[in-house]
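From a predicted model like this one, the values you see are computed outputs, not experimental measurements. Atom set for the values below is all heavy atoms of this structure, side chains included, hydrogens, waters and symmetry mates excluded.
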Amino acid sequence: MAQHPLIAALRGADTGKVTSARQAVQLIRPGDTVATGGFVGIGFAENIAVALEDLFLERCDAPDQGLGYPRDLTLVYAAGQGDGQHRGLNHLGHPGLVRRVIGGHWGLVPRLQELAVSDQIEAWNLPQGVICHLLRDIAGGRPGTLTRVGLGTFVDPRHGGGKLNQRTRDCGVELVRLMEIDGEPYLFYKAFPINVGIIRATTADPEGNLSMEREALVLEARALAMAAHNSGGIVIAQVERIADRHTLKPRDVQVPGVLVDCVVVAEKPEYHMQTFIEPYSAAFAGEIRVPMSALAPMPLDERKLIARRAAMELGVNDVVNLGIGMPEGVAAVAAEEKIIDLITLTAEPGVIGGVPAGGLNFGAATNTDAIIDQPGQFDFYDGGGLDIAILGLAQADRHGNLNVSRFGTRLAGAGGFINISQNAHKVVFVGTFSAGNTEVVVDAQGVRVVHDGHARKFVEEVEHRTFSGEVARARGRTVLYITERCVFQLSDRGMELIEIAPGIDLERDILARMDFRPAIAEPLKRMDARLFGEGSMGLRRQLLELPIDQRLSYDADKDLFFVNFEGLAVRSAEDISLIRHAVATRLGPLGRKVGAIVNYERFTIAPELVDDYVAMVQGLMEHYYAEVTRYTTSTFLRVRLGEALARSLGDAQLYASAEEAREHLRGHD
């Protein structure tokens with residue numbers, strides 16, 4: 001590929017690829033396709049954006065004099081990059097500076113929004129994950145990205161092809177094509193060359209090798225740099241500092257210098273903040289871990305009520321994605337309920353584990369297990385890695401379709417919503433029942449509507465289809481819509497009302513405030529009373545307590561019966577009866593006794609029930625167990641329960657491990 005004619009002239013013997021922001025942006029030519037990296041403010045090259053804006057404003061009204069300057073650019077970006085006001089890509093929101101924008105999220109860039117809504121530019125909204133993968137496919141020389149992501153939504157050519165205004169619809173360019181493979185529909189997103197890639201890192205050496213030790217995310221920087229380089233374009237990297245040659249550890253280098261043409265050291269601290277709020281957080285960078293007590297519990301209001309109900313959908317070992325806004329409360333509830341260690345929270349830019357941050361810190365996380373690149377995270381999501389996604393609810397219709405991307409002249413964009421909602425095994429949409437000055441009271445008696453918002457969220461047909469109920473039903477997805485007043489589920493009848501909060505009148509507070517009448521489950525359940533009380537709901541205990549029948553298993557080959565009482569709490573005589581009945585049901589049909597191993601790890605029992613429990617065990621031994629061994633790592637429980645069993649059963653030792661228990665089960669290997 002031919003090198004940009006000015007690159008060689010910029011490099012000095014000592015400084016290598018290091019140059020000023022002004023010199024770097026002068027390399028951008030009219031009509032170039034420019035791709036930028038970043039997520040909100042994380043990883044965004046603010047100094048480069050400022051320099052590009054300054055150069056355009058300085059020259060756009062002056063005679064060209066043959067110099068040329070950046071104008072009529074095509075801007076490409078995956079995640080939202082802005083603060084909702086003036087930072088980030090808002091610097092590029094000038095008529096004439098850009099003529100086409102292909103973006104994943106528009107909500108944080110009002111200046112670009114204005115250009116799109118007023119038909120001054122061509123404007124596309126494509127799924128965030130698709131753009132990440134498209135950059136990688138451009139780097140690999142492939143013709144585009146083939147995926148199911150976007151089917152049935154506004155990105156599907158049958159519903160608009162991701163075009164946001166009339167100018168785009170009239171331009172004659174198609175970026176998305178519907179294809180069929182083996183009878184199944186797919187979307188093909190067409191590749192195009194990247195002339196300029198703009199990325200950010202922490203440290204560079206003079207050769208352009210980049211490390212990201214102080215960044216909260218690594219994002220799509222490497223894929224973007226490869227896409228630009230392999231398109232014959234240039235890569236500009238903003239960094240915080242310069243290291244000497246050969247001092248960066250090879251494993252720390254996220255983007256190798258062979259991909260980088262210009263290195264710009266940030267000229268001001270505010271141009272290289274870790275996020276648009278935090279100058280630097282060691283916790284976001286993964287240098288330290290912080291105590292979970294640092295997360296303050298939420299006050300009991302409609303937001304907490306909704307977050308609590310959503311948290312009830314979590315399961316042990318679930319991999320979870322939480323959206324921005326209302327879904328963020330689920331992390332606070334999970335911390336308060338002490339179940340953070342039982343699930344794995346993730347966020348689409350690449351964090352796995354820990355607790356995702358919110359607001360303008362969104363994308364970062366504390367106490368993470370790993371921080372991977374954004375294209376890799378979307379590989380994981382698109383392939384079905386998410387057990388559950390909890391996302392915002394802005395507007396829904398009778399078919400279960402959802403809109404979070406466009407409302408009149410307000411253009412939010414989809415971001416990662418389409419990738420996540422289409423591919424998670426369970427999707428939970430959360431939000432207040434209505435919008436616009438809604439006032440409700442939440443207390444121990446339930447929910448009382450003081451003033452209803454003027455904007456209805458449940459409409460006959462959504463304005464912009466960001467989620468397709470039809471596609472979700474065809475794929476057998478579980479979909480819930482949770483509000484402070486009620487819970488809907490997606491069924492064959494469309495939106496179906498399945499739960500109602502105490503204190504809410506079905507006709508007055510729900511049906512009269514909807515543009516359609518949903519199907520209503522019979523019976524219509526009351527929302528769980530625990531949602532409306534102060535203090536813990538006991539979710540940890542609930543998650544760890546498996547139903548009795550799921551705790552029993554028989555291995556016919558080894559003629560062994562396994563009883564898993566790990567985490568079980570026996571709190572009533574009914575619990576004892578359930579155990580007796582479940583064992584009898586499982587072993588009775590065999591017509592003979594078998595060997596048994598019982599796991600008593602974290603088992604608890606009310607003191608007044610111990611004698612009744614032992615009598616039940618004695619009966620099981622007489623009828624169903626040839627021999628039985630038991631184990632727990634708890635010394636206290638081994639002594640306490642062991643003594644109680646020994647009084648009635650004789651030799652009833654509890655062992656310290658499953659291996660010991662198996663070894664001492666005579667007659668069974």
Side-chain angles (χ1 to χ4, degrees), residues 39-41 75 77-95 98 100-128 131 150 153-155 159-169 276 303 323-328 358-360 362-363 391-397 401-418 420-421 429-438 452-468 481 483 513 515:
F39 190 96
V40 189
L75 173 64
Y77 64 93
Q81 300 166 14
D83 62 353
Q85 297 182 54
H86 58 274
R87 289 183 290 183
L89 290 177
N90 290 292
H91 290 294
L92 309 189
H94 298 282
V98 294
R100 174 184 296 162
V101 176
I102 304 167
H105 191 271
W106 290 71
L108 297 171
V109 285
R111 293 185 180 177
L112 290 177
Q113 279 187 50
E114 184 179 347
L115 296 179
V117 171
S118 61
D119 247 12
Q120 296 185 67
I121 60 173
E122 297 171 21
W124 275 268
N125 183 199
L126 304 183
Q128 180 179 329
I131 295 177
T153 73
F154 71 87
V155 180
H159 302 289
K163 299 178 180 181
L164 297 178
N165 59 20
Q166 191 60 47
R167 178 167 176 169
T168 312
R169 289 187 285 272
F276 278 148
R303 294 179 66 87
I324 194 169
M326 187 73 74
E328 296 170 15
L360 290 180
F362 184 61
L391 306 169
L393 190 166
Q395 188 184 69
D397 65 23
N401 301 321
L402 211 78
N403 172 25
V404 298
S405 49
R406 183 163 191 166
F407 309 91
T409 59
R410 186 164 66 88
L411 181 60
F417 189 98
I418 296 177
I420 296 164
S421 63
F429 298 118
V430 296
T432 55
F433 187 83
S434 59
N437 301 318
T438 300
D452 224 329
H454 64 272
R456 295 192 176 197
K457 288 189 173 183
F458 295 92
V459 298
E460 184 67 28
E461 184 176 353
V462 293
E463 179 181 352
H464 214 222
R465 191 185 299 178
T466 330
F467 173 81
S468 169
Y481 309 77
T483 77
R513 300 295 302 167
D515 287 353

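Of the possible polar contacts, one joining the Q128 side chain to the G416 backbone as a donor-acceptor pair under 3.5 Å is found. Without hydrogens or angle criteria, D119 side chain to N165 main chain gives no donor-acceptor distance under 3.5 Å. Under a 3.5 Å cut-off, the side chain of R167 and the backbone N or O of Q120 do form a donor-acceptor pair. For N90 (side chain) and G93 (main-chain N/O), no donor-acceptor pair under 3.5 Å exists by modelled atom type.
Looking at every heavy atom in both residues, G84 comes nearest to P110 through O-CG, 3.3 Å. Between F39 and A79, the shortest heavy-atom contact is CD1-CB, 3.3 Å. Scanning all heavy atoms of the two residues, the minimum distance from S434 to D452 falls at OG-OD1, 2.7 Å. Here the shortest heavy-atom pairing between L115 and S118 reads O-OG, 3.4 Å. When every heavy atom of S421 is checked against every heavy atom of L391, the shortest pair comes out as CB-CD1, 3.7 Å.
Scored by the side-chain contact (heavy atoms from CB on, under 4.5 Å) test, A455 finds A435 as partners (sequence neighbours excluded). With sequence neighbours excluded, no residue forms a side chain to side chain donor-acceptor pair (under 3.5 Å) with R410. Partners of H91 by side chain to side chain donor-acceptor pair (under 3.5 Å), not counting sequence neighbours, listed by chain and number: E46, E53. For F429, the ring pair (Phe, Tyr, Trp, His ring centres under 6.0 Å) criterion is met by F417, F467, Y481, not counting sequence neighbours. Annotation: ring pair (Phe, Tyr, Trp, His ring centres under 6.0 Å) contacts of Y77 (sequence neighbours excluded): none. Scanning for side chain to side chain donor-acceptor pair (under 3.5 Å) contacts around T466 gives S405, with sequence neighbours left out. For the side-chain contact (heavy atoms from CB on, under 4.5 Å) test, residues two or more places apart in sequence or in another chain that qualify with T153 are V155, I418, Q422. In terms of the ring pair (Phe, Tyr, Trp, His ring centres under 6.0 Å) criterion, residue partners of F154 (sequence neighbours excluded) are, by chain and number, H464. For E461, the side-chain contact (heavy atoms from CB on, under 4.5 Å) partners two or more places apart in sequence, or in a different chain, are D397. Taking the side chain to side chain donor-acceptor pair (under 3.5 Å) definition, one finds that E328 meets it with nothing, sequence neighbours left out.
Looking at heavy atoms from C-beta onward, K163 lies in side-chain contact with W124 at the 4.5 angstrom threshold.
Taken to the nearest 0.5 Å, the CZ atom of F458 stands 5.5 Å off from the CZ atom of F433. Taking CG of N403 as the reference point, atom CD of Q395 lies at 4.5 Å (rounded to 0.5 Å). Atom CG of L112 sits about 6.5 Å away from atom CG of L75, to the nearest 0.5 Å. Residue L164 holds its CG atom at 5.5 Å from CG of N125, rounded to the nearest 0.5 Å. Taking NZ of K457 as the start and CG of D515 as the end, the distance is 14.0 Å to the nearest 0.5 Å. The structure places CD1 of I121 at 7.5 Å from OG1 of T168, a figure rounded to the nearest 0.5 Å.
The side-chain hydrogen bond (donor to acceptor under 3.5 Å, both in side chains) pairs that include a residue from residues 100-116 are R100-E122, where partners are two or more places apart or lie in different chains. Sorted by first and then second residue, the salt bridge (charged side-chain N to carboxylate O under 4.0 Å, His left out) pairs involving residues 82-94 (not counting sequence neighbours) are D83-R87.
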Note to self: Run the side chain to side chain contact (heavy atoms under 4.5 Å, CB included) test on V462 and L402 for me, step by step, so that the C-alpha distance in whole Å, both residues' side-chain angles and the decisive distance to 0.1 Å come before the verdict.
What the structure shows: CA-CA 7 Å; V462 293; L402 211 78; 5.7 Å; no

